[in-house]
Amino acid sequence: MAIVPEDLKTGSVFLNDDGELVIIDQTQLPNREEYLVLRTKEEIYDAIKRLAVRGAPAIGICAGYAMYVLAREKASLSPEQFMKEMREVGEYLNSSRPTAVNLSWAIKRQLGVIGADPSRCAEEQIDLLRGEAFAIHKEDIEMCTRISEYGLTLVKPGDGILTHCNAGPLATSRYGTSIGPVLLGKERGIDFKVFADETRPLLQGARLTSFELFRAGVDVTLICDNMASMVMKNGWVQACFVGCDRIAANGDFANKIGTSGVAILARHYGIPFYTLGPTSTIDMNCPTGNDIRIELRDPDEVRSMWYKEPMAPEGVKCYNPSFDVTDHELVTAIVTDRGIVYPPFDVNLAKLFA
Ligand code: MRU
């Protein structure tokens, strides 16, 4: 049985006292707060694919726990067979979504732990996987806290902050990344005015960001994505804070579709534009944004999902990329757990890992 550290027992992904992998089903929010226990590799794959668990760091935490939970079924295998099957599990889970680097990062990290000495018996390897899964989760809490502290230095009380998609506690562990400074500020009596893009087509901004901020008592205004320009022009936005799914070595980064448009608008109106993310989201093996694989999703998410009846002719062509890449030239700074990184990003991101 897993003894779960007290501070890791909550959030959108965690192990319960029976050692089971539990997630909040983010597809049900804000109307229902439902928890799911994920037992099989197919259930975990499906939960990631349909965004029941989503947000780059949360997917990474989920994958870390998944490798432990799924390893337990293999306790009676020989060391060689155990390693072989765990590599297969890792490959399978990694194929659920391509863009967020945290998924492959966490799986690689777990495979590295057991791969360090493949001759260990399965029981020993399982203990190590559990410890590493807790470490991934705990580190994310620490990283988000530091990102939130750094982010808070970039704005002043009363500022308007525009955000896109959801990079709050649901997408991470605690505080989140892009809305971390707002939540941390709230705890300290510092108030901001947040404009949350609804984030078509899956409405992470409407369903999740406005839910998290509203519940925390933050002054949040929900806008349709195409209202961001108006809100900026009105002078209501002093900074844009967005999350990221993969930051390339040159500072280009992938985030929810629509993010690059926000960056272009911000440049037009002279508003600083920041992406906030943990170092686990920086992929130094990915030279530029052109090397990031962008997930394409079901066209029905655009045509008919969320509507009582389809809002487009049946069978009409539809393009549904889940992410876009923001050019590093549009980014004022990248806020990481190791500090705020300014251009030139190719030089300064490398320094973080030196
Ligand atoms: O498709 P999603 O909802 O997983 O996309 C999530 C985002 O784009 C987030 O901004 C990103 O993962 C950062 S979460 C801290």
Side-chain angles (χ1 to χ4, degrees), residues 11-13 23-27 29 47-63 96-106 137 139-141 143-148 151 162-183 196-209 211-212 225 240-247 253-263 273-283 289 292-298 301-302 305 320-326 331 334-337:
S12 63
V13 186
I23 62 160
I24 293 180
D25 185 348
Q26 295 193 44
T27 65
L29 291 170
I48 297 173
K49 178 99 197 152
R50 65 185 184 84
L51 313 195
V53 53
R54 53 147 298 283
I59 297 173
I61 296 166
C62 182
S96 55
R97 291 192 85 190
T99 305
V101 69
N102 305 59
L103 178 60
S104 59
W105 169 85
H137 192 171
E139 283 166 27
D140 192 71
I141 294 173
M143 289 194 289
C144 285
T145 308
R146 286 199 292 271
I147 289 167
S148 306
L162 186 135
T163 191
H164 189 77
C165 193
N166 172 263
L170 286 163
T172 60
S173 48
R174 202 164 296 160
Y175 291 119
T177 57
S178 72
I179 62 172
V182 174
L183 293 175
D197 278 356
E198 68 172 351
T199 318
R200 281 281 292 155
L202 292 180
L203 307 179
Q204 288 91 334
R207 295 186 302 105
L208 308 174
T209 302
F211 165 73
E212 285 183 320
D225 300 343
C240 297
F241 280 180
V242 299
C244 40
D245 283 80
R246 190 182 296 250
I247 301 175
F253 73 97
N255 192 50
K256 180 52 52 198
I257 188 73
T259 301
S260 67
V262 174
F273 177 91
Y274 303 99
T275 184
L276 300 85
T279 35
S280 54
T281 302
I282 302 172
D283 183 358
I292 300 176
R293 197 173 136 211
I294 299 293
E295 174 185 11
L296 288 177
R297 295 186 63 88
D298 184 349
E301 291 178 348
V302 178
M305 199 169 168
N320 186 16
S322 190
F323 301 94
D324 61 19
V325 171
T326 298
V331 179
I334 301 173
V335 184
T336 78
D337 48 289

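Both ligands and their constituent atoms are indexed starting at 1 by order of listing. The basis for the numbers below is simple: all heavy atoms, side chains too, and nothing from hydrogens, waters or symmetry mates. Bear in mind that the values here come from a model prediction, so they are computed numbers and not experimental data.
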Student: Does ligand 1 have a heavy atom under 4.0 Å from the side chain of Asn166, from its backbone, from both, or from neither?
Tutor: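 The answer is the backbone.
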Student: Of the options Asp245, Thr336, Asn102, which is the one that meets Thr281 in a side chain to side chain donor-acceptor pair (under 3.5 Å)?
Tutor: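 One option only clears the test, and that one is Asn102.
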Student: Under 4.0 Å, counting heavy atoms only: does Thr99 come that close to any atom of ligand 1?
Tutor: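 No, that is not the case, since the closest heavy atom of the residue is not under 4.0 Å from the ligand.
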Student: Nearest protein heavy atom to atom 6 (C) of ligand 1, by residue and atom, and its distance?
Tutor: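 Sorting protein heavy atoms by distance from atom 6 (C) of ligand 1 puts Arg54 NH2, 3.5 Å first.
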Student: One thing to verify: whether Arg200 and Asp225 come together as a salt bridge, which I'm taking to mean a side-chain N less than 4.0 angstrom from a carboxylate O.
Tutor: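 Between Arg200 and Asp225 there is no salt bridge, as every charged N stays at least 4.0 Å from the carboxylate O atoms.
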Student: Between ligand 1 and Asp245, is the shortest N or O to N or O distance under 3.5 Å?
Tutor: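 Min N/O separation from ligand 1 is below 3.5 Å for Asp245.
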Student: Between Gln204 and ligand 1, which residue portion shows a heavy-atom distance shorter than 4.0 Å: side chain, backbone, both, or neither?
Tutor: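 For Gln204, the contact with ligand 1 is made by the side chain alone.
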Student: State whether the shortest distance between N or O atoms of Phe323 and N or O atoms of ligand 1 falls below 3.5 angstrom.
Tutor: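 Phe323 vs ligand 1: no N/O contact under 3.5 Å.
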Student: Hey, which atoms in ligand 1 end up nearer than 4.0 Å to a heavy atom of Ala171?
Tutor: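 Contacts of ligand 1 toward Ala171, numbered from 1: 14 (S).
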Student: Below 3.5 angstrom, do we get any N/O pair linking His164 and ligand 1?
Tutor: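 In fact, backbone or side chain, His164 has no N or O that close.
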Student: Can you list the atoms of ligand 1 that are under 4.0 Å from a heavy atom of Ala56?
Tutor: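 Going through ligand 1 atom by atom, the ones under 4.0 Å from Ala56 are 12 (O), 14 (S).
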Student: Nearest protein heavy atom to atom 4 (O) of ligand 1, by residue and atom, and its distance?
Tutor: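 Looking only at protein heavy atoms, the one closest to atom 4 (O) of ligand 1 is Arg97 NH1, 2.8 Å.
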Student: Give the minimum heavy-atom separation between Gly243 and Thr275, together with the two atoms involved.
Tutor: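 Closest approach of Gly243 to Thr275, heavy atoms only: O-OG1, 2.9 Å.
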Student: Examine Thr177 against ligand 1 and note whether any of their N/O atoms are separated by less than 3.5 Å.
Tutor: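 There is no such contact.
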Student: Can you tell me which residue and heavy atom of the protein come closest to atom 5 (O) of ligand 1, and the distance to 0.1 Å?
Tutor: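 Result: Lys256 CE, 3.3 Å.
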Student: Specify the protein heavy atom at minimum distance from atom 13 (C) of ligand 1: its residue, its atom name, and the distance to 0.1 Å.
Tutor: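 That would be Cys244 O, 3.3 Å.
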Student: Take Thr199 and Asp197 through the test side-chain hydrogen bond (donor to acceptor under 3.5 Å, both in side chains) and record every step on the way to the result.
Tutor: CA-CA 5 Å; Thr199 318; Asp197 278 356; 5.7 Å; no
Student: Considering only protein heavy atoms, which is closest to atom 9 (C) of ligand 1, and at what distance to one decimal place?
Tutor: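 Among all protein heavy atoms, the one nearest atom 9 (C) of ligand 1 is Asn255 OD1, 3.3 Å.
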Student: Is the contact between Cys165 and ligand 1 made by the side chain, the backbone, both, or neither, using heavy atoms and a 4.0 Å cut-off?
Tutor: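 It is the side chain that gets close, since no backbone atom is under 4.0 Å.
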Student: Under 4.0 Å from any heavy atom of Pro57, which atoms of ligand 1 are there?
Tutor: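 The list of qualifying atoms is 14 (S), 15 (C).
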Student: If the condition is salt bridge (Lys or Arg N to Asp or Glu O under 4.0 Å), which residues does Glu198 pass it with, not counting sequence neighbours?
Tutor: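 Checked Glu198 against salt bridge (Lys or Arg N to Asp or Glu O under 4.0 Å); zero matches.
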Student: Between CZ of Phe323 and OG1 of Thr99, what distance do you get to the nearest 0.5 Å?
Tutor: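 Going from the CZ atom of Phe323 to the OG1 atom of Thr99 covers 5.0 Å.
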Student: Quick one: which ligand 1 atoms are inside 4.0 Å of a heavy atom on Ala167?
Tutor: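 It comes down to these atoms of ligand 1: 14 (S), 15 (C).
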Student: Identify, by atom number and element, the atoms of ligand 1 in contact range of Thr172, meaning under 4.0 Å from any of its heavy atoms.
Tutor: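 Answer, ordered by atom number: 15 (C).
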